[in-house]
Amino acid sequence: MAIERASGVAGETASPLGSVLPGGRIRPGTAISAGGDLPLLLALAGEAASSGGWAAVGLPQLGALAASDAGLELSAGLVVDEPGRAWTQVLAVLLETVPVVLVGPLGPAPDRVARRLAAIMRRSGSVLLSATSWPGAEVRLTVGRARWEGVSGGHGLLRGRRVTVTSSGRGAAAASRSADLWLPGPTGSVAFAPAPAPEAADADGVGPVRGAGGAMSPRPVLRVVG
């Protein structure tokens, strides 16, 4: 299947994440899976819950600082770390009342339960963002070619994570899309990441380094300082 790649031209799309979503946005009443990438899950949540409440179920690793950095209003959030064996009932109640619900790996959902939850989402207009796969998800996102940048010569500060996000799904999301993004970027938010020049990739200490005559030299060894 052909993949549409976002160009990252300023003004082309209002949101970097919108470049891999059908219609350029998170549609109310739908489910999206984040492919096991917590920064991507938080970025989606920050965009979907920019002006409303949110809840997290089965995500004990979710920290308040990370949620706040992603744009989530902590005072508008509800966290259920361990919903127990009745997690489907907990999820159903939250989807009826909370606009955006983040879900961790809670276990397999029977088809009848998944259909019931999907009906609740359509009726209430809530959005379910799953850290892992979710039955009936309209959009499935995956993160590939992830690399942190900012370390040079074995020392320095990490300034951002450059990733390639690819989407697939059903209906309007059937056509795969791909975008190179900072997730997170130097400012802590999501941004388009133009492809680096070969020289820049070598200079950050992550990619291979060319010596005299263009010969490849080993990657520099990271040193712990202090």
Side-chain angles (χ1 to χ4, degrees), residues 11 13-84 86-106 117-118 120-132 134 137-141 143 146 148 158-161 163 165 167 173 179 181-193:
T13 181
S15 163
L17 285 175
S19 63
V20 292
L21 296 173
R25 64 189 181 95
I26 298 174
R27 293 200 312 116
T30 60
I32 299 176
S33 64
D37 192 84
L38 186 57
L40 176 57
L41 179 72
L42 286 174
L44 289 167
E47 185 159 314
S50 59
S51 59
W54 59 278
V57 182
L59 286 167
Q61 70 273 37
L62 176 62
L65 179 60
S68 178
D69 287 346
L72 294 174
E73 180 60 49
L74 298 183
S75 62
L78 173 64
V79 177
V80 184
D81 286 342
E82 301 293 342
W87 65 267
T88 55
Q89 291 93 320
V90 172
L91 197 53
V93 171
L94 290 174
L95 289 173
E96 286 275 17
T97 56
V98 182
V100 179
V101 181
L102 289 69
V103 179
L106 298 174
L117 294 176
I120 292 174
M121 282 187 283
R122 288 193 298 269
R123 181 173 65 249
S124 65
S126 58
V127 171
L128 185 147
L129 304 175
S130 177
T132 55
W134 183 261
E138 181 187 55
V139 182
R140 298 184 296 273
L141 300 177
V143 170
W148 285 91
L158 294 175
R159 63 187 183 92
R161 187 180 68 141
V163 302
V165 178
S167 68
L181 304 175
W182 287 109
L183 185 63
T187 63
S189 59
V190 186
F192 283 111

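Here the structure is a predicted model, which is why all the values come from computation and not from measurement.
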Undergrad: Sequence neighbours excluded, which residues qualify as side chain to side chain contact (heavy atoms under 4.5 Å, CB included) partners of Pro105?
TA: Thr132
Undergrad: Mind jotting down which residue pairs meet the salt bridge (charged side-chain N to carboxylate O under 4.0 Å, His left out) criterion with at least one end in residues 90-100? Sequence neighbours excluded, please.
TA: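 For residues 90-100, and leaving out neighbouring residues, the salt bridge (charged side-chain N to carboxylate O under 4.0 Å, His left out) pairs sorted by first residue read Glu96-Arg123.
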Undergrad: Let me confirm one number: the OG-CG distance from Ser130 to Leu106, rounded to the nearest 0.5 Å.
TA: 8.0 Å
Undergrad: Could you report the tightest heavy-atom contact between Pro16 and Ala191, atom names first, then the distance?
TA: CG-CA, 3.8 Å
Undergrad: Do Leu40 and Leu17 come within less than 4.5 Å of each other through their side chains, counting heavy atoms only?
TA: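 Counting from C-beta outward, Leu40 and Leu17 do come under 4.5 Å.
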Undergrad: Side chains of Leu181 and Val20, heavy atoms from C-beta outward: is any pair under 4.5 Å?
TA: no
Undergrad: Looking at side-chain heavy atoms only, is the closest gap between Val165 and Asp37 below 4.5 Å?
TA: no
Undergrad: Sequence neighbours left out, what passes side-chain hydrogen bond (donor to acceptor under 3.5 Å, both in side chains) with Ser189? Give chain and number order.
TA: Thr187
Undergrad: Are Trp54 and Leu129 close enough that some pair of their side-chain heavy atoms sits under 4.5 Å apart?
TA: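 In short, these two side chains do not touch, never coming nearer than 4.5 Å.
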Undergrad: Would you compute the distance between atom CD of Gln89 and atom CG of Leu94 and round it to the nearest 0.5 angstrom?
TA: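 Reported value, rounded in 0.5 Å steps: 12.0 Å.
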Undergrad: Looking at Phe192 and Trp182, what are the two nearest heavy atoms and their distance?
TA: O-CD1, 3.3 Å
Undergrad: Measure across Gly52 and Ala76 and return the closest heavy-atom pair with its distance rounded to 0.1 Å.
TA: O-CB, 4.2 Å
Undergrad: With heavy-atom distances below 4.5 Å as the criterion, would you say the side chains of Leu128 and Val103 are in contact?
TA: yes
Undergrad: Could you work out, with side chain to side chain contact (heavy atoms under 4.5 Å, CB included) as the rule, every residue matching Ser126, not counting sequence neighbours?
TA: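 Scan of Ser126 (side chain to side chain contact (heavy atoms under 4.5 Å, CB included), adjacent residues dropped) gives Leu95, Met121, Ser124.
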Undergrad: Is there a side-chain contact between Leu91 and Pro83, using heavy atoms and a 4.5 Å cut-off?
TA: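 Leu91 vs Pro83: side chains apart.
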Undergrad: So, for Ser33 and Ala137, which heavy atoms are closest and what is the spacing to 0.1 Å?
TA: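 In this case the closest contact between Ser33 and Ala137 is N-CB, 4.3 Å.
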Undergrad: Looking at residues at least two apart in the chain, or sitting in another chain, which of them share a salt bridge (Lys or Arg N to Asp or Glu O under 4.0 Å) with Glu73?
TA: none
Undergrad: Applying salt bridge (charged side-chain N to carboxylate O under 4.0 Å, His left out), which residue pairs with at least one partner in residues 17-36 are found, sequence neighbours left out?
TA: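 Only Arg27-Glu138 qualify under salt bridge (charged side-chain N to carboxylate O under 4.0 Å, His left out).
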Undergrad: For the pair Thr97 (side chain) and Val93 (backbone), establish whether a donor and an acceptor sit closer than 3.5 Å, ignoring hydrogens and angles.
TA: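 Side chain of Thr97 to backbone of Val93: a pair is present.
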Undergrad: Should Leu72 and Val100 be marked as a side chain to side chain contact (heavy atoms under 4.5 Å, CB included) after you check the CA-CA gap, both sets of side-chain angles, and the distance that decides it?
TA: CA-CA 11 Å; Leu72 294 174; Val100 179; over 6 Å; no
Undergrad: Holding to side chain to side chain contact (heavy atoms under 4.5 Å, CB included), I want the full list of residues that pass it with Ala146, two or more places apart in sequence or in another chain.
TA: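 In terms of side chain to side chain contact (heavy atoms under 4.5 Å, CB included), with neighbours along the sequence ignored, Ala146 is linked to Val143, Arg161, Val163.
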Undergrad: Tell me every residue that passes side chain to side chain contact (heavy atoms under 4.5 Å, CB included) with Leu38, counting only those two or more places apart in sequence or in another chain.
TA: Leu41, Leu42, Gln61
Undergrad: Which atom pair, heavy atoms only, marks the closest approach of Val127 to Gly29?
TA: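 Between these two residues, the closest heavy atoms are CG2-N, 4.3 Å.
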Undergrad: Which heavy-atom pair separates Leu183 from Pro39 by the least distance, and what is that distance?
TA: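 Looks like CD1-O, 4.0 Å.
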Undergrad: I'd like to check the salt bridge (Lys or Arg N to Asp or Glu O under 4.0 Å) partners of Arg140; sequence neighbours left out, ordered by chain and number.
TA: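 Here no residue qualifies.
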